[in-house]
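First the proteins, then the strands, lettered A, B, ... as listed; each starts at 1.
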Protein chains: 2
Amino acid sequence: MYVPCPSCPLRRKPAFRQKGEEEVAVINSMKSDHLTLEAGSEFIHPEQSDAELYTLFAGWAFRYKELGDGRRQILSFALPGDLIGLQASLFEKSFYGAIALTDIQLCVIPRRRMLRLFERMPEIAYDVTWLGARSEALVDENLLSVGRRGAGERIAALLCSLYKRAEPLGLVKEGVLELPLTQQHIADALGLSLVHTNKTLAKLRSQGLFTISGGHLVIRNLRGLSRFAQHFEEDLAPRPLI
Amino acid sequence: MYVPCPSCPLRRKPAFRQKGEEEVAVINSMKSDHLTLEAGSEFIHPEQSDAELYTLFAGWAFRYKELGDGRRQILSFALPGDLIGLQASLFEKSFYGAIALTDIQLCVIPRRRMLRLFERMPEIAYDVTWLGARSEALVDENLLSVGRRGAGERIAALLCSLYKRAEPLGLVKEGVLELPLTQQHIADALGLSLVHTNKTLAKLRSQGLFTISGGHLVIRNLRGLSRFAQHFEEDLAPRPLI
DNA sequence: CATCTCCTATGTGTTTTGACATAGCGGCTC
DNA sequence: GAGCCGCTATGTCAAAACACATAGGAGATG
């Protein structure tokens, strides 16, 4: 189900900067494929040497690293419109893996076309760099959480952050966000054990700031949750979409 | 003490990719200033809206974020040749601060020249993007540490990482690396308390893998320390220098 | 040379987090 | 429907990390 960039429905969302026809045409000419993958598929492997650059068109994914003995750290979550694989496609090998959290669709920009992309349209190159910087900002925020927030604050901050990112994408319907994370994913993202995550979640829920069940997140008091988590960053919008 | 790029001594180090004359000339034309700052100076402020892009020419610095109540997380350390402020110069405001750890010198590339830089020389734009991606990779690695390594492993991994980065810059002399970090900096970078950092450091030292005193780090057994820390990444070299 | 500040060091007790064990629940397969 | 699997939940105990208190050393300052 190939989607040509000029008729991309994502591009019309308020989260994204509206681009001129010519620019979209160039992006379209760089796009080599439109993949559909099942939940759980790993589309960038640690150590992989020929990873492509992807734009997540639909669904959720995450980047992760792991230690030799299997301990895993989720670095960041990706939502529709996010670029995944910039590091992996620029370096000789990838330092991380990327896995689909739900069934996903990916737009593929071949790594070997990157330099030509930079030559052909500097505005797009600038946008790629911008998106790379935003990706780093997400990891920065996560590192602040894991390093300095307590367990409850971490969970609250993660939920706030995902909610604030999902909203301008139209993923929040009548106050409900479909959250495809298991408690294991939350634990892996926040540097907590599974058990502790479970207990902390239970405690937080009992305070009534949000409910989460069956993969449905409802935030009853976003202001209060943000305050508790000390999470005050808004997602950058409008942002470019490659 | 302005240093023109063509005669930049950093550029000759083995850590960096050698560039053609023309490219260096363009970089030089983008450089607007060469600053000298004292240790402790904050040259990018959180929330600052007009931060410039810097290349660290000499000395050490770090990026950090903090929570409302003063808890501080160091995101990454910068060594000579590292780009600092890409996010801050691309976004409307900075999400982090940057502080000099030693007396430092900075090459300044004004933020308003960024787009022109991309137009004028795509190769350099590509390199900027590459350096941005490398900067993210450093944060990724740090997040893995803070999220999944124990206190001892974190410290070991940090020392390994800094040592491996400092070596190709010629900062390791006869096995000794001058390390301008206090234990408070280490604690802030690794998500530990000062006291716990101190005690863990003492325990590690007593195993004899390294010595550290008076700001001088000697790693007696890099292989062994890397194994203990499960830190197996080498720094990317040669890398571009903007 | 007294004083101050910053950094390092160490003992004691508390809090947070993790490990292990066990159990329930819903979906799936055969 | 029996059995299995992935996810969630909860109790008990152990380990990791932190808070608070105290102290010593090195360098700056007056």
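Between the B:Arg154 side chain and the B:Arg148 main chain, no donor and acceptor come within less than 3.5 Å of each other.
Under 4.0 angstrom from either OP1 or OP2 of C:dA9 there lies at least one side-chain N or O belonging to B:Asn198. OP1 or OP2 of D:dA9 has at least one side-chain nitrogen or oxygen of A:Gln183 nearer than 4.0 Å.
A straight line from CG of A:Leu201 to C1' of C:dT17 spans 15 Å, rounded to a whole angstrom. For the pair A:Lys203 NZ and C:dT15 P, the computed distance is 13 Å after rounding to whole Å. When the P atom of D:dG6 is taken as reference, atom CD of A:Gln184 falls 12 Å away, rounded to whole Å. With rounding to whole Å, A:Leu101 atom CG is found 11 Å from D:dC7 atom P.
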Original post:
Which dot-bracket notation, 5' to 3', represents the base pairing of DNA chain D when pairs are defined as Watson-Crick or G-U with both distances under 3.5 Å, crossing pairs as [ ], and inter-strand pairs as |?
Top reply: ||||||||||||||||||||||||||||||

Subject >> Contact letters for nucleotides 11-26 of chain D, in which S counts primed atoms plus P, OP1 and OP2 and B counts the base, heavy atoms under 4.0 Å >> reply: BB----BSBB------

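We find the NZ-CG distance between B:Lys13 and B:Leu241 to be 11.5 Å, quoted to the nearest 0.5 Å.
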Under 3.5 Å, which donor-acceptor pairs do the side chains of residues 155-164 of chain A form with other protein atoms, sequence neighbours left out?
from     : atom 1 : to       : atom 2 : distance (Å)
A:Lys164 : NZ     : A:Ser226 : OG     : 3.4
A:Lys164 : NZ     : A:His231 : O      : 3.2
A:Lys164 : NZ     : A:His231 : ND1    : 3.1

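Classified by interplanar angle (parallel below 30°, tilted 30° to 60°, perpendicular above 60°), the ring pair B:His34/B:Phe57 is perpendicular.
Comparing C:dA9, D:dT10, C:dC7 by their closest approach to the side chain of B:Thr182 singles out C:dC7.
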